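Data block below; observations after.
Since this is a predicted model, take the numbers as computed values, not measurements.
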Amino acid sequence: MFSHLGKTLIQELEAPQVLTKPGTGWISGVLGLFLAMAGLVAVICLRYPQLLTAPELRAVIDLGLFRIFLHGLLITGFLLATMSLILRQNKFLGLTAVTLILIAVSLGGSKTT
């Protein structure tokens, strides 16, 4: 099952140039997917800092500012994925991005401890 989903995602990312023009939802889908993946990784790093971050880095980063940035990242990714869902005939990029963002939010989003 997951191999089919992976193949579909790769086919969408390698879409022909005709399908990747501005206005087709491909660009917003790819950007939304990228932001969704980055947001999910950031939420997991916030949730398990001892395993996934360096102590030296934790001492330097302002968590309040990082959480604001992460919140904006998740919102922007969601908006781009929604735009892709509206514009694109094949909804796979947008649905994947929205799913990853919903997973990140269900793990606590920018308020995770």
Side-chain angles (χ1 to χ4, degrees):
M1 179 179 135
F2 288 115
S3 65
H4 176 68
L5 294 176
K7 288 178 186 176
T8 306
L9 183 60
I10 290 172
Q11 287 172 348
E12 274 296 300
L13 291 173
E14 295 177 344
Q17 188 175 6
V18 174
L19 300 176
T20 61
K21 287 182 182 176
T24 61
W26 185 83
I27 295 171
S28 60
V30 170
L31 289 175
L33 182 62
F34 175 76
L35 294 178
M37 290 189 297
L40 180 60
V41 168
V43 168
I44 292 172
C45 286
L46 275 177
R47 195 156 177 88
Y48 304 105
Q50 292 79 14
L51 298 173
L52 301 171
T53 59
E56 298 84 12
L57 186 61
R58 286 193 304 260
V60 187
I61 291 181
D62 178 18
L63 273 182
L65 188 61
F66 182 76
R67 289 178 192 276
I68 291 170
F69 174 75
L70 176 59
H71 194 77
L73 183 109
L74 291 172
I75 290 172
T76 305
F78 184 79
L79 292 174
L80 287 169
T82 304
M83 185 184 304
S84 177
L85 285 172
I86 292 168
L87 294 174
R88 194 141 177 88
Q89 287 182 357
N90 188 345
K91 311 290 185 193
F92 195 75
L93 281 176
L95 284 175
T96 304
V98 167
T99 302
L100 292 177
I101 290 171
L102 290 177
I103 291 170
V105 170
S106 68
L107 288 173
S110 61
K111 297 183 190 288
T112 191
T113 55

Distance-only check: which donor-acceptor pairs under 3.5 Å involve side-chain atoms of residues 37-50, not counting sequence neighbours?
residue: Arg47; atom: NH1; partner: Leu107; partner atom: O; Å: 3.0
residue: Arg47; atom: NH1; partner: Thr112; partner atom: OG1; Å: 3.4

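- Applying the side-chain hydrogen bond (donor to acceptor under 3.5 Å, both in side chains) test to every pair with at least one member in residues 66-87, sequence neighbours left out, gives these pairs: His71-Ser110.
- In the hydrophobic clustering of ILVMFWY residues, with side-chain heavy atoms under 4.5 Å counting as a link, Ile68 and Val60 come out apart.
- Using a 4.5 Å cut-off between side-chain heavy atoms of Ile, Leu, Val, Met, Phe, Trp and Tyr, with links allowed through other members, Leu80 and Ile103 fall into the same hydrophobic cluster.
- Both Phe34 and Ile27 belong to a single network of hydrophobic side chains, linked directly or stepwise wherever heavy atoms of I, L, V, M, F, W or Y lie under 4.5 Å apart.
- Atoms CG and CG, on Leu95 and Leu100 in that order, are 11.0 Å from each other to the nearest 0.5 Å.
- Residues Thr53 and Arg58 approach most closely at OG1-NH1, 2.8 Å, considering heavy atoms.
- Put simply, Leu65 and Leu57 are part of two different groups of oily side chains (I, L, V, M, F, W, Y) that touch within less than 4.5 Å, one to the next.
- Atom CG of Leu73 is separated from atom CZ of Phe66 by 8.5 Å, given to the nearest 0.5 angstrom.
- Residues Leu35 and Leu87 do not share a hydrophobic cluster, defined by chaining ILVMFWY side chains whose heavy atoms lie under 4.5 Å apart.
- Closest of all the heavy-atom pairs between Ile101 and Phe78 is CD1-N, 3.2 Å.
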